[in-house]
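Not measured: the values here are computed from a predicted model. Read the numbers this way: they start at 1 and go in the same order the structure lists the ligands and their atoms.
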Amino acid sequence: MNKRKHALNVRKDDTVVILSGKDKGKKGKVLRVLPNEDKVVVQNVHMMKKHQRPTATVREGGIVEREAPIYASKVQVVCPNCGKPTRVGHRVVEYGKMVRYCKKCDEIIDKE
Ligand SMILES: [Zn+2]
């Protein structure tokens, strides 16, 4: 089987749990996936202070906290079916479509 270089197991809108670092054990929703860097941005995880310049919409500049990307290998997908952090497998279903499934409960994660 071909191994795609940037096949991340994590996708936008997944719920993930953080496996290491200061946010270990936290759960959050994936806001963005950066496949070229193997990183993801998770809501309320790995908050970094950033200087914000005043813009047309934000009159006040100052310091804001924003999520910084973390390595995708540091998160694990929480299965929407069994609710457990799990390893994700890939399976080809009809029409050659590739879907992800939970290795714990064997349910398909990607619903249409
Ligand atoms: Zn499951």
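- For E67 (side chain) and V45 (main-chain N/O), no donor-acceptor pair under 3.5 Å exists by modelled atom type.
- Near the Zn ion (ligand 1), less than 2.8 Å away, sit the protein N, O or S atoms C79 SG, C82 SG, C102 SG, C105 SG.
- In this structure the side chain of D23 never reaches within 4.5 angstrom of the side chain of I70, judged on heavy atoms.
- Looking at P80 and T15, their side chains never come closer than 4.5 Å, going by heavy atoms from C-beta outward.
- Judged by distance alone, with hydrogens and angles left aside, the side-chain atoms of K103 form no donor-acceptor pair with the main-chain N or O of T86 at under 3.5 Å.
- Salt-bridge check for K97 with D110: failed, with every basic side-chain N at 4.0 Å or more from each acidic carboxylate O.
- Taking the salt bridge (Lys or Arg N to Asp or Glu O under 4.0 Å) definition, one finds that K29 meets it with D13, sequence neighbours left out.
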